[in-house]
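Okay, so here's the structure we're looking at.
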Protein chains: 2
Amino acid sequence: MSRDPREDARPGYELPLRLLLAFRTVIDELHERIAREGHPDLRPMHGFVFQAIGAQGTTAVELGKRLGVSKQAAGKTVEQLERLGYVERGSDPADARRKVVRLTGRGVDCLVRSARIFEELREEWVAQLGGEERLRELEDALRTLAPGDPFRLDTPRWFGGP
Amino acid sequence: MSRDPREDARPGYELPLRLLLAFRTVIDELHERIAREGHPDLRPMHGFVFQAIGAQGTTAVELGKRLGVSKQAAGKTVEQLERLGYVERGSDPADARRKVVRLTGRGVDCLVRSARIFEELREEWVAQLGGEERLRELEDALRTLAPGDPFRLDTPRWFGGP
DNA sequence: TCCATATAGTCAATGAGGTTGTCGATCGTG
DNA sequence: CACGATCGACAACCTCATTGACTATATGGA
């Protein structure tokens, strides 16, 4: 028989692996649901790109800075999302060099659905953990361990590495 | 003035972003330390590969299955790690088709150091959270949200996507 | 025993996604 | 007005994955 789990020594790698597994589980669940709602070709990365574009649109250079990639890479990503119908490019009357990238109706629909699904998922986490208070404690603990702004949009580049 | 934080509505996307940020913070810290101890060319992905190879060694096909990539991709990764001196390939006397991949002394050294650094980091998390009990609660909450085996080794492929 | 089939590893071609370098067009400031 | 900075685009290249084809070896059933 094993001892009381509260007495077990827990390996140091458990927490980071659990963090990643929980993140993967959440994101997979999000994309499963959003695929069922009419957006089947979205990748985990695209959510970050949509957030980086924002409601008012942006340019390739600015998008590259937010995502932590070169302007050329950002331009290619925009091109791909344009082919998928999620963004469109227009010219800026105030500056003929700039080409503003904006979300299309389909892109906005995707953002709206993502936000709603995240709220639904949050309610499910509250139920699983046994109360809103538990989820807040979890969030507080994570804030303590990693206090920065959670909106780091340079994540896609981070894992693969150069 | 903002209200008491415990009364604020928290958006549903906060938890997943915090999970990812905490994971990144931990892994970045691990690699910063292990780089200082003589392993500067390791990428976040390589830790997963070492774990997938294991102490007894494995083959390219088996490694590919564990990592969730093709055998060709696994073979190329092995080739790269062989160039860096972390693994070596030998033949299997019982099966002339198989070429067994094993960790070198340098590879084992890397695993040992990783394990020690993870233990050091865990002590620091305990101190930051204000007690072993808090960290156990955090781990328990994460187990509740994502109950599976945390040793999912197919992560490198997960984010980038096909 | 011998042959069919399955498996291990390698080579080649391709694609996605990133990089740097370069260039012309345009803006802003001195 | 001219010069430097900025934006977007094109090209060449790198890394890391993919699939397909091929050889060598193992294995199991007629």
Side-chain angles (χ1 to χ4, degrees), chain A residues 40-50 52-53 56-84 86-102 152-162, chain B residues 41-50 52-54 56-84 86-102 152-162:
Chain A
D41 357 335
L42 288 179
R43 308 262 347 129
M45 188 198 119
H46 291 146
F48 287 90
V49 179
F50 288 171
I53 293 174
Q56 308 129 25
T58 184
T59 67
V61 167
E62 182 59 28
L63 184 60
K65 284 180 187 166
R66 292 184 193 167
L67 294 175
V69 300
S70 65
K71 60 181 181 177
Q72 293 90 337
K76 288 186 185 180
T77 302
V78 166
E79 210 172 322
Q80 180 192 1
L81 287 175
E82 196 177 21
R83 258 183 280 120
L84 291 172
Y86 288 106
V87 306
E88 59 192 356
R89 272 182 288 194
S91 53
D92 184 345
D95 187 339
R97 294 170 306 176
R98 289 162 49 95
K99 294 196 176 170
V100 185
V101 181
R102 287 192 198 81
R152 302 266 304 268
L153 294 172
D154 58 340
T155 300
R157 172 158 157 44
W158 176 73
F159 209 103
Chain B
D41 356 338
L42 289 180
R43 310 255 353 126
M45 191 197 116
H46 290 146
F48 288 90
V49 179
F50 287 172
I53 293 174
Q56 308 130 23
T58 184
T59 68
V61 168
E62 182 59 28
L63 184 60
K65 284 180 187 165
R66 293 187 193 164
L67 293 174
V69 299
S70 63
K71 59 181 181 178
Q72 295 90 335
K76 289 185 184 179
T77 302
V78 166
E79 211 172 322
Q80 179 191 2
L81 287 175
E82 196 176 22
R83 258 183 280 118
L84 290 172
Y86 288 105
V87 306
E88 58 192 357
R89 271 182 288 194
S91 53
D92 183 345
D95 187 338
R97 295 170 305 177
R98 288 161 50 93
K99 295 193 177 173
V100 186
V101 180
R102 288 192 196 79
R152 301 264 303 268
L153 293 172
D154 58 340
T155 299
R157 168 155 156 49
W158 176 73
F159 208 101

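A note on names: the letters A, B, ... follow the listed sequences, proteins ahead of strands, and every chain is numbered from 1. Note that this is a predicted model, so its numbers are computed, not measured. Scope of the values below: all heavy atoms of this structure, side chains included, with no hydrogens, waters or symmetry mates.
- A/Glu79 has its CD atom 14 Å from the C1' atom of C/dG18, to the nearest Å.
- A straight line from NZ of B/Lys99 to C1' of C/dC11 spans 13 Å, rounded to a whole angstrom.
- Atom-to-atom, CG of B/Leu63 to C1' of D/dC16 comes out at 15 Å; the value is rounded to the nearest Å.
- Between B/Leu63 and B/Val78, some side-chain heavy-atom pair lies under the 4.5 Å cut-off.
- Using a 4.0 Å heavy-atom distance criterion, A/Gln80 is classed as a sugar-phosphate-only contact.
- No salt bridge links B/Arg83 with B/Glu79; every basic N to acidic carboxylate O contact stays at or beyond 4.0 Å.
- If you check distances only, the side chain of A/Lys71 does reach the base of D/dG8 with a donor-acceptor pair under 3.5 Å.
- Close to D/dT19, at under 4.0 Å from its OP1 or OP2, lies no side-chain N or O of B/Ser70.
- Judged purely by atom type and a 3.5 angstrom limit, B/Arg98 has no side-chain atom pairing as donor or acceptor with the backbone of B/Asp92.
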May I have the step-by-step check of side chain to side chain contact (heavy atoms under 4.5 Å, CB included) for A/Tyr86 and A/Leu42, ending in yes or no? CA-CA 10 Å; A/Tyr86 288 106; A/Leu42 288 179; 3.7 Å; yes
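- What separates CE of A/Met45 from C1' of D/dA17 is a distance of 16 Å, to the nearest Å.
- In this structure, CG of B/Asp92 is placed 11 Å from P of C/dA8, rounded to the nearest angstrom.
- Between the P atom of C/dG17 and the CZ atom of A/Phe48 lies a distance of 16 Å, rounded to the nearest Å.
- At whole-Å resolution of the value, CZ in B/Arg98 and C1' in D/dT23 are 18 Å apart.
- The shortest distance between the side-chain N/O atoms of B/Arg89 and the OP1/OP2 oxygens of C/dT10 is below 4.0 Å.
- Side-chain atoms of B/Leu81 and B/Val49, non-hydrogen and from C-beta on, do get closer than 4.5 Å to each other.
- Taking only distance into account, the side chain of B/Gln72 meets the base of D/dG20 through a donor-acceptor pair shorter than 3.5 Å.
- Side-chain contact between A/His46 and A/Gln80 is present, with at least one heavy-atom pair separated by less than 4.5 Å.
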How does protein reach along nucleotides 25-30 of chain C, written 5' to 3' as B (base within reach of a heavy atom under 4.0 Å), S (only sugar-phosphate), or - (no contact)? -BS---
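- Within the 4.0 Å cut-off from OP1 or OP2 of C/dA16, not a single side-chain nitrogen or oxygen of A/Thr77 is found.
- Each of B/Lys65 and B/Lys76 was assigned the nucleotide of DNA chain C with the nearest heavy atom; the assignment lying further toward the 5' end belongs to B/Lys65.
- Nearest to the side-chain atoms of B/Thr59 among the listed nucleotides C/dG9, D/dA9, C/dG18 stands C/dG9.
- Atoms CZ and CZ, on B/Arg89 and B/Arg102 in that order, are 13.0 Å from each other to the nearest 0.5 Å.
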